[in-house]
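Proteins get letters first, then strands, A, B, ... in listed order; numbering begins at 1 in each.
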Amino acid sequence: MREKELVLDQYNAKVYKNRKEHILQIDESAEDQAIAANSRSIPGIMTNRGCCYAGCKGVVLGPLKDALVLTHGPIGCGFYSWGTRRNKAKTESGENYIQYCFSTDMQEPDIVFGGETKLRKAIEEAMEIFHPETILICSTCPVGLIGDDIHAIASETEKKYGITCVAFSCEGYKGVSQSGGHHIANNGVMRHIIGTGDTPIEKKYKVNLLGEYNIGGDGWETERILKRIGYEVIAVLTGDGSVESLRNSHQADLNLVMCHRSINYIAEMMHTKYGIHWLKVNFIGIDATIQTLRDMAAYFDEPELTARTEEIIADELSVIAEARAYYHSKLQGKTAALYVGGSRSHHYQALLADFGISTVLAGYEFAHRDDYEGRDMLPFIKEDADSKNIESITVEPDPEKFKAFLTKEKYEELRARIPLDSYKGLIHDMKTGSIVVDDLNHFETEEFLRLLKPDIFLSGIKDKYVLQKANVLSRQLHSYDYSGPYSGFNGAINFARDLTMGLYTPVWKFVIPPWKNHSTLQASLAEITGGEEATC
Amino acid sequence: MLNLTPKKITPRTALRVNPCKTCQPVGAIYCALGVHRCMPHSHGSQGCVSYHRTFLTRHFKEPAIASTSSFTEGASVFGGGSNLKTGVKNVFDIYDPDMIAVHTTCLSETIGDDVGSYIMDIDLPDNKLVVHANTPSYVGSHVTGFYNMMCGFINYLSLNTKSPNGKIGIFPGFVNPADIREMKKLASMMKASFIMFPDQSGVMDAPMTGNYEMYPKGGTTKEEIISLGDCAKVLALGIFTSLEPANVLKRKCKVPYEALPLPIGIANTDQFIMELKKITQEEVPPALEEERGRLVDVMLDAHFYCYGKEVAVFGDPDTALGLTSFVLELGMIPKYVITGTPSDGFEKKAAELFDLFQVEGCMAKASADLFELHQLIKNEPVDLLLGTSYGKQIAKAENIPFVRAGFPVLDRYAHSYFPIVGYLGGLRLTELITCALMDQFDRECEDEDMDVVM
Ligand code: SF4
Ligand code: SF4
């Protein structure tokens, strides 16, 4: 367990004590491999984490294209969460709020005397100009402190204008990361939106795609494959998603969970309330996609669907076969490190493996222990003060809308075979010696880079150029550096193409100028003098 | 694109849509990054600084370091004193900067954390320093945060030792590293001995060497900031950005200053050179005069495509005014001049420029947003849009040629490596503007109108 200690040893005692719990060097033979997660970052540490507001507005609510999402607070928070996540969204009507950033831009008097008047006025102006059918209000740090009652204003708005208006108290300081915000957003969406529609959907194989943010068009590529097989995607939460479609999402036969962290609350609540099972899926990676499609077929268990699934898999594979082989030849044997928010660090290991790349380090920015260790350990998570501050809601089975797709026996039988209502966690798929780090920080990034020397580091924008400056290829997994989609079969090829481009870009060869290269100098000297010591 | 923006303009007093400004701390961080071996530190919850680092990284395509006090709910209620104390210790332990520059966020401001007295209570390692500035985001904008942090450094460090250093201080304003480099070049050509503060050149455009350096070579040194108090004079470039710190330095150390516009365009650059000349009593070297001559030459060549074209300019107040001045010199009409930053005097300054060049039907507005700008354009279109990346949606929606300049430019590479200040900057702007106009013409003209010659 050398690398882990080499990094930790450089910390002062207090930091050491805290961080050692958050770093794990995998030993597959060990019985329980535990890691500390979802706890506070240490002050002074350059963490990559964001805040509750970022998780709520930035991740879950922001991409809802038919909702006017209003940030109540000073300008910054709204500004930064505007158009940076590449959750593409298309509408036929052209009514799309994604390109807009709405804020109350609070000024000093609003902080001193309260911001409620301004919020009401902002809603009035928004109604007059945009006539939205849904307004979602998200609060930022100062709002919670001065105590503006955004929930009262939301219900007032609903009555006054006859629209849907939901408030989210997602002040940045709540919880320890974005994760609290996901939870808050999930609660609000569950309470006020899901299940409120009553347009009957008379289709076979109805699914929702949850925790899919359509980064670079991922959701569309996934949907394309699903549709080819014959699935009906009712709602996506939330890339290219809409409030409209979410209202009817309770009619699905199955929920597909992509990002476990950001959406597991909704998946669970829909399970309890509407009887909809959820399946942990992964459309990132060729083999992972195939596995997921087979799991889905197993769930619906109809010969026709199963046959169609295999047919589409074969067809999609044949289309990419040549490219796949080519990129495999370019990429195999390389090593990668992964550091992203929630499930991506897990998902992408599958995709990397498709091309013969092994993962030497993986970490989550704001995961909980179940994201690492699997949901079976949920009962053992101790609640601390920070997680208690995030409301947990309990739901009851809905007497009219509850509908279980599987019989009890079938459920038990299936659950043993496929990840139904369960998730095994990242650690489960990692090899002995590789490293898992929770809340990987700037210092540790630099250190592990030195020790592990990965060829590729997949991470976010804040460390992208740190890595690149250290001579390591870095690609952003939150935004795909203007590329994508990376999901499904075609996406895998896009990803491999981007990595190949990155690794084989000739400019890498020019980083060190020729006059700095000692051996060249020696060689030429040796040539000139006819000596024997040329070493280059 | 932006299909929901109606043509009809209704007054808004509370709803901000598509802002043309952001919050103070990002400016404070950028300022602190222009100080050698300095770690910017955000006192608040970690979300803000995560956004700020992201945003700076996206603009510069460079790492932007900054640590945080990582508030949680407890600290928000009981105050962030202990978080700051632990934070400062850890930063010195782990990242070993010479100095930490603390700025506040909405959160620590609202609970009223007294950062100044917290700092006084901290035991610092030898030769290490902590400075601070208050940067509440419900006041001003990122520009405010930038100069507040400058004031913070001056307040803590600058000293009048009564032995003049014979230098001039140059406050470059909120500009790109390349602009600072260009200003330094001009000052050197005028044989001025100077202290540039802050100076992000070499930091936010550090060269690729294969080794990551947390603290690259550039940045104003601590000694230089101290020495600002012994300067003969300060040139405060960009009055909306640099006037306040110049005043603070004057009050504290009695250093006089001259406030000038950002040297964007010929007249503003001339003014900068004249001021340098006044101080150094040196002749303008032929090389510089030639540089100027080349710019005038190219602007004359290009006038045919620019003259009379209407343009919408938006961005930070000093940048927007500088760009306005420049497009006026090109014979263009700056129909709308918009800044999101609340600024007294912005509109007046713009109006003075309109008068000077005798253009009519132009308007300027501070505290405005891009939604408003778009609505104005929908009613009376322009031929060119000149401003930050956030103009691209308007440009697409209305099919207007678009030139990126100012802060932030998130969606293009290399922009921060080319100056827009000085004569060289003028050359760059002329190229960008004429190319944008001519590309649009070529793209849309009839086949028979497509010419290769000019
Ligand atoms: S809370 Fe304030 S300081 Fe933080 S990002 Fe929002 S506006 Fe900026
Ligand atoms: S994959 Fe990560 S970054 Fe993306 S939404 Fe999930 S948690 Fe957030």
TODO: Decide whether A:Glu171 and B:Ser45 meet the rule of one side-chain donor and one side-chain acceptor closer than 3.5 Å.
DONE: no
Open item on the list: Side chains of B:Thr54 and A:Tyr80 only: does a donor on one sit below 3.5 Å from an acceptor on the other?
Closed with: no
Choice from [options] maximising heavy atom contacts with chain A below 4.5 Å:
options                              : answer
B:Met214, B:Lys21, B:His41           : B:Lys21
B:Gly47, B:Ser70, B:Ala14            : B:Ala14
B:Ile94, B:Thr105, B:Val91, B:Ile100 : B:Ile94
B:His52, B:Met39, B:Lys85            : B:His52
B:Tyr390, B:Phe92, B:Phe71           : B:Tyr390
B:Asn211, B:Leu107, B:Ile111         : B:Leu107

Min side-chain heavy-atom separation [X]-[Y] under 4.5 Å:
X        : Y        : value
A:Ile75  : B:Arg16  : yes
A:Trp508 : B:Met208 : yes
A:Asp105 : B:Asp369 : no
B:Thr209 : A:Asn471 : no
A:Thr84  : B:Phe55  : no
A:Ile461 : B:Arg58  : yes
A:Met46  : B:Val49  : no

Which bit of [X] comes within less than 4.5 Å of chain B, counting heavy atoms only: side chain, backbone, both or neither?
X        : value
A:Tyr482 : side chain
A:Gln10  : neither
A:Val511 : both
A:Ile111 : side chain
A:Ile42  : both
A:Ile45  : both
A:Glu444 : neither
A:Tyr100 : both
A:Arg40  : side chain
A:Glu128 : side chain

Open item on the list: Nearest 0.5 Å, please: how far is CD in A:Gln476 from OG1 in B:Thr57?
Closed with: 9.5 Å
Task: Euclidean distance, A:Phe79 CZ relative to B:Ser137 OG, rounded to 0.5 Å - done: 12.5 Å
Please look at [X] and chain A and tell me whether the side chain, the backbone, both or neither of the residue comes under 4.5 angstrom of a heavy atom of that chain.
X        : answer
B:Pro136 : neither
B:Pro25  : neither
B:Leu84  : neither
B:Ser42  : neither
B:Tyr95  : side chain
B:Ala66  : backbone
B:Ser69  : backbone

Open item on the list: Could you go through A:Glu125 and B:Thr10, starting from their C-alpha distance and side-chain angles, then the distance that decides it, and tell me whether this counts as side chain to side chain contact (heavy atoms under 4.5 Å, CB included)?
Closed with: CA-CA 9 Å; A:Glu125 291 170 3; B:Thr10 41; over 6 Å; no
Select, from [options], the one with the greatest count of heavy-atom pairs under 4.5 Å involving chain B.
options                               : answer
A:Trp82, A:Phe102, A:Tyr53, A:Tyr11   : A:Trp82
A:Val466, A:Val472, A:Asn12           : A:Val466
A:Gly172, A:Cys141, A:Ser103, A:Gly55 : A:Ser103
A:Glu108, A:Lys121, A:Arg120, A:Lys14 : A:Glu108

- [ ] Could you check whether the rings of A:Phe130 and B:Phe371 sit parallel, tilted or perpendicular, using 30° and 60° as the cut-offs?
- [x] tilted
Open item on the list: Before you tell me yes or no, could you show the steps for B:Tyr212 and A:His442 under ring pair (Phe, Tyr, Trp, His ring centres under 6.0 Å), namely the whole-Å CA-CA distance, both residues' side-chain angles and the distance that decides it to 0.1 Å?
Closed with: CA-CA 12 Å; B:Tyr212 167 71; A:His442 192 289; 5.7 Å; yes
To check you understand the geometry: which heavy-atom pair defines the closest contact between [X] and [Y], and what is its length?
X        : Y        : result
B:Ser67  : A:Gly44  : CB-O, 3.5 Å
B:Tyr138 : A:Met106 : CB-O, 3.2 Å
A:Cys101 : B:Pro19  : SG-CD, 3.5 Å
A:Pro74  : B:Cys106 : CG-SG, 3.4 Å
B:Thr13  : A:Lys118 : O-CE, 3.9 Å
A:Asn48  : B:Arg53  : OD1-NH1, 3.7 Å

Open item on the list: Considering only residues two or more places apart or on different chains, which pairs with a residue in residues 462-472 of chain A satisfy salt bridge (charged side-chain N to carboxylate O under 4.0 Å, His left out)?
Closed with: A:Lys464-A:Asp481, A:Lys469-B:Glu62
TODO: Ignoring hydrogens and angles, tell me if any N or O in the side chain of B:Ser50 forms a donor-acceptor pair with the backbone of A:Arg49 under 3.5 Å.
DONE: yes
Open item on the list: Whether the side chain of B:Glu73 engages the backbone of A:Asn389 through a donor-acceptor N/O pair (distance < 3.5 Å, no angle test) should be reported.
Closed with: no
- [ ] Inspect the surroundings of CG in B:Asp123 and state if more than 12 heavy atoms from other residues, nucleotides or ligands are less than 6.0 Å away.
- [x] no
- [ ] Assess whether atom CD of A:Glu446 is packed by more than 12 heavy atoms of other residues, nucleotides or ligands within 6.0 Å.
- [x] yes
TODO: In sequence, state the C-alpha distance, the side-chain angles, and the governing distance for B:Thr72 and A:Tyr173, and then conclude on side chain to side chain contact (heavy atoms under 4.5 Å, CB included).
DONE: CA-CA 5 Å; B:Thr72 50; A:Tyr173 55 77; over 6 Å; no
Open item on the list: Determine whether A:Ile146 and B:Thr110 satisfy the following criterion, side chain to side chain contact (heavy atoms under 4.5 Å, CB included), listing intermediate values before the conclusion.
Closed with: CA-CA 8 Å; A:Ile146 62 173; B:Thr110 308; 3.9 Å; yes
- [ ] Would you check, one step at a time, whether the test side chain to side chain contact (heavy atoms under 4.5 Å, CB included) holds for B:Tyr51 with A:Ser81?
- [x] CA-CA 8 Å; B:Tyr51 276 141; A:Ser81 54; 3.6 Å; yes
